[in-house]
Amino acid sequence: MNDSTQNTIPVIAIDGPSASGKGSVAQLVADALGFAYLDSGALYRVVAYAAKLANIDWTHAQAVADCAKNLDIQFKHEQVYLNGHDISEAIRTEEMGKGASQVAVHAALRAVLVDVQHRFRQSPGLVADGRDMGTVIFPDAVLKIFLTAKTETRAERRYKQLLGKNQPANYENILQDLQERDARDKGRASAPLVMAQDAFLLETDNLTISAAVNIILQNFKHKIHK
Ligand code: DC
């Protein structure tokens with residue numbers, strides 16, 4: 001498929017801060033429409049994981065970018081594979097979330113991942129979740145959603161999620177981590193977390209996941225029938 005054909009494939013961009021519910025909502029929207037799903041945060045997590053394995057410091061921009069160039073990353077259903085190994089659980093830790101946020105500040109790494117992300121745009125459509133989907137990677141997305149919630153709401157959700165998985169959880173630490181991650185994601189020079197001018201703001205503090213999914217589906221139908 002050439003670039004101009006690919007550009008006609010509809011994209012729904014769902015951006016927002018950590019633990020806003022983006023992942024679950026985006027996956028359900030993709031399922032409802034039969035669209036492909038891109039979890040761009042997972043790409044940054046895989047890079048953080050691979051860099052750590054290779055003893056590369058997360059602050060070394062060029063070494064991190066070079067490491068990313070040689071990775072064989074595969075998404076199959078909800079599993080993530082690195083060089084044939086299932087690393088789905090390993091990249092979901094708080095440590096890799098922090099590492100992802102640190103490697104993601106490097107413009108050189110972000111440049112390496114642009115084409116990787118564009119390749120997910122496949123017929124009949126794509127739901128892409130991240131921080132810069134609507135602003136940088138898919139600026140022509142037919143629908144852009146900025147999904148967010150108060151930091152305390154997000155910390156509470158992450159806390160319950162960890163308890164549900166029988167993992168150690170401390171609310172105060174989680175809150176502090178989220179604040180640090182938000183500051184880094186919003187404050188970086190390259191593709192910072194900002195709401196696209198043409199995005200629809202969806203605050204999920206008082207919304208269930210299925211209510212958020214329905215709002216997005218309605219907005220999408222409205223956009224394509226305009
Ligand atoms: O969505 P997540 O928690 O899996 O993302 C982990 C980190 O990756 C996040 O703190 C910032 C970075 N990220 C990014 O910079 N750009 C994206 N499109 C997605 C994630």
Side-chain angles (χ1 to χ4, degrees), residues 11-27 29-30 37-52 58-59 61 64-65 67-68 71 73 75 78-80 82 87-121 126-139 141 144-149 151 153-155 157-159 161-162 165 174-196 199 204:
V11 175
I12 300 178
I14 305 183
D15 289 306
S18 296
S20 55
K22 276 181 299 124
S24 321
V25 169
Q27 178 78 68
V29 171
Y37 168 55
L38 165 61
D39 172 3
S40 61
L43 290 174
Y44 290 92
R45 286 171 182 266
V46 173
V47 173
Y49 178 83
K52 189 177 177 199
W58 289 331
T59 60
V64 166
C67 166
L71 300 180
I73 306 171
F75 288 86
E78 286 174 27
Q79 310 303 111
V80 185
L82 174 64
I87 56 162
S88 322
E89 291 290 317
I91 61 165
R92 291 287 153 214
T93 61
E94 292 301 291
E95 185 198 3
M96 289 308 145
K98 214 185 258 188
S101 173
Q102 287 183 31
V103 297
V105 304
H106 305 311
L109 170 64
R110 304 196 74 87
V112 171
L113 295 181
V114 170
D115 279 349
V116 177
Q117 295 173 89
H118 283 169
R119 284 201 286 276
F120 281 81
R121 190 172 194 169
L126 171 69
V127 179
D129 113 42
R131 305 292 185 289
D132 60 344
M133 298 296 98
T135 49
V136 176
I137 305 295
F138 301 109
K144 299 180 187 179
I145 303 289
F146 195 80
L147 201 81
T148 189
T151 322
T153 311
R154 293 186 282 124
R157 285 181 189 156
R158 175 72 37 96
Y159 175 73
Q161 230 174 31
L162 288 172
K165 290 197 244 169
I174 294 171
L175 184 64
Q176 196 187 335
D177 270 5
L178 277 181
Q179 283 163 340
E180 281 170 16
R181 218 187 291 180
D182 284 356
R184 196 160 39 230
D185 292 351
K186 287 180 191 163
R188 67 179 177 230
S190 181
L193 170 66
V194 280
M195 180 167 147
T204 64

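Each ligand, and each atom within it, is numbered from 1 in the order the structure gives.
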Would you say the side chain of [Y] lies within less than 4.5 Å of the side chain of [X], judging by non-hydrogen atoms?
| X | Y | answer |
| --- | --- | --- |
| Lys22 | Arg131 | yes |
| Trp58 | Val105 | no |
| Arg92 | Gln161 | no |
| Leu43 | Phe75 | yes |
| Arg158 | Asp177 | no |

Of the side chain and backbone of [X], name the one, both, or neither that has a heavy atom under 4.0 Å from an atom of ligand 1.
| X | answer |
| --- | --- |
| Arg184 | neither |
| Arg181 | side chain |
| Arg188 | side chain |

Identity and distance of the protein heavy atom lying nearest [atom]:
| atom | answer |
| --- | --- |
| atom 10 (O) of ligand 1 | Asp185 OD2, 2.9 Å |
| atom 19 (C) of ligand 1 | Ser40 OG, 3.4 Å |
| atom 12 (C) of ligand 1 | Ala104 CB, 3.7 Å |
| atom 20 (C) of ligand 1 | Gly41 CA, 3.5 Å |
| atom 3 (O) of ligand 1 | Arg45 NH2, 3.0 Å |
| atom 6 (C) of ligand 1 | Ala100 CB, 3.7 Å |
| atom 5 (O) of ligand 1 | Arg131 NH2, 3.4 Å |

Out of all atoms in ligand 1, which are within 4.0 Å of some heavy atom of [X]? Include the element for each.
| X | value |
| --- | --- |
| Lys22 | 1 (O) |
| Ser101 | 7 (C), 10 (O) |
| Met133 | 18 (N) |
| Gly130 | 18 (N), 19 (C) |

Checklist line | Among Arg110, Glu94, His106, closest by any non-hydrogen atom to atom 16 (N) of ligand 1 | finding: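 Among Arg110, Glu94, His106, the closest heavy atom to atom 16 (N) of ligand 1 comes from Arg110.
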Notebook entry, point to check: Given the rule in the side-chain contact (heavy atoms from CB on, under 4.5 Å) test, do Val25 and Ile145 qualify, once you have shown the distances and angles that lead to the verdict?
Noted result: CA-CA 11 Å; Val25 169; Ile145 303 289; over 6 Å; no
Margin query: Between Arg154 (side chain only) and Arg157 (backbone N and O only), is there a donor and an acceptor less than 3.5 Å apart?
Written below: no
Check: Which of these passes side-chain contact (heavy atoms from CB on, under 4.5 Å) with Met133: Val11, Leu38, Ile14?
Finding: Leu38
Check: Judged by modelled atom types alone, do Ser101 and Arg181 share a side-chain donor-acceptor pair under 3.5 Å?
Finding: no
Item checked: Geometric class of the His118/Phe138 ring pair [parallel <30°, tilted 30-60°, perpendicular >60°] -> tilted
